[in-house]
Amino acid sequence: MELTSKGLKDFFREVVEMIEKEKDYLCDLDRKLGDGDHGVTMSIGWQAVEEKLNNELIEIEDCGKLSVAVGKTFLNAVGSSVGPLYATGFMRGAKTSKNKAVLNDCDLTEYWIAFAKGVKDRGQAEVGDKTMVDTLEPFARKLETSFTNSQDFELAFSEAVNAAEEGMNSTKDIISKKGRSSRLGERSIGAQDPGATSAYFILSTFLQFIKNNSAKTV
Ligand code: ADP
Ligand code: MG
């Protein structure tokens with residue numbers, strides 16, 4: 001597929017909508033492991049992004065510039081740990097899409113791998129620490145191998161989202177070693193990580209977006 005900057009903006013708007021729907025659920029998850037604000041912080045960040053999309057970013061056609069702006073806006077709006085984590089993800093994605101008004105299958109694969117790696121580098125968490133890395137790392141690995149083998153982005157992304165879902169689910173049964181929830185130690189077992197969940201929701205929103213628009217330039 002080919003994703004134009006307009007398509008990328010449409011996707012970001014779908015994330016805004018999704019977060020509003022999942023806000024309470026994300027807060028419920030964070031209530032069991034942290035301070036109960038994950039849905040609210042995500043909402044604050046994505047509402048700020050929407051405001052930018054409707055104003056300063058209207059004319060922007062460079063997917064790189066657009067992604068940098070999304071990352072920076074999110075960072076400035078969000079006070080909690082996910083601010084710099086997601087911001088770094090989108091800014092790393094921006095590096096792979098610099099000066100590009102249209103992203104092809106290869107560009108999109110690179111974008112999402114860079115996104116996942118950016119979050120990991122920023123937070124220094126490993127798989128098994130009960131964070132969003134448990135969703136993002138298996139996702140990125142699967143995306144890379146599946147796209148290399150098939151050269152079919154939609155198939156690769158869909159397999160990668162399945163790996164992301166498994167990773168998200170795996171956070172239920174493990175002890176938190178990073179972030180606020182690590183203070184709970186053994187008591188963190190049994191609850192699913194909110195960041196791993198929001199990361200999965202963002203990826204599955206993109207999957208839904210490409211399925212709705214496959215074989216088109218959007
Ligand atoms: P806070 O913990 O500051 O209240 P949020 O509730 O918005 O922030 O986000 C919590 C989520 O942040 C966790 O569920 C976890 O997935 C993620 N997180 C925290 N620390 C890290 C880290 N070092 N690396 C990756 N993700 C992290
Ligand atoms: Mg929190």
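We number each residue from 1, following the sequence as shown. Counting convention: from 1, in listed order, for ligands and their atoms alike.
The N/O atoms of G195, backbone and side chain alike, include one that comes under 3.5 Å of an N/O atom in ligand 1. Looking at V119 next to ligand 1, no N or O pair under 3.5 Å apart turns up. Taking only nitrogen or oxygen atoms, main chain and side chain alike, D35 reaches within less than 3.5 Å of ligand 1.
Of the heavy atoms in L33, none comes closer than 4.0 Å to ligand 1.
Within D37, OD1 is the N, O or S atom that lies nearest to the Mg ion (ligand 2).
Residue contacts with ligand 1 include A196, since one or more of its heavy atoms lies under 4.0 Å from the ligand. Within the structure, the closest approach of Q124 to ligand 1 does not fall below 4.0 Å when heavy atoms are considered.
Proximity of a side-chain donor or acceptor of K9 to a complementary backbone N or O of I60 within less than 3.5 Å is detected.
T197 and Y25 are not linked by any side-chain donor-acceptor pair at a separation below 3.5 angstrom, with hydrogens and angles left out of the test. No side-chain donor-acceptor contact under 3.5 Å links T109 and E144. There is a side-chain donor-acceptor pair under 3.5 Å between S176 and S181.
Across V82 and T41, no two heavy atoms sit closer than the pair CG2-OG1, 4.1 Å.
Relative orientation of the F115 and W112 rings is perpendicular, given thresholds of 30° and 60° on the angle between their planes.
Those atoms of ligand 1 that come under 4.0 Å of a heavy atom in V82, given as number and element, are 7 (O), 9 (O), 11 (C), 12 (O). If you number the atoms of ligand 1 from 1 as listed, the ones under 4.0 Å from a heavy atom of T41 come out as 7 (O).
Note: F74 and F90 fail the aromatic proximity criterion, with ring centroids not under 6.0 Å apart.
Around the Mg ion (ligand 2), the two atoms OD1 of D35 and OD2 of D30 are separated by an angle of 90°, to 10 degrees.
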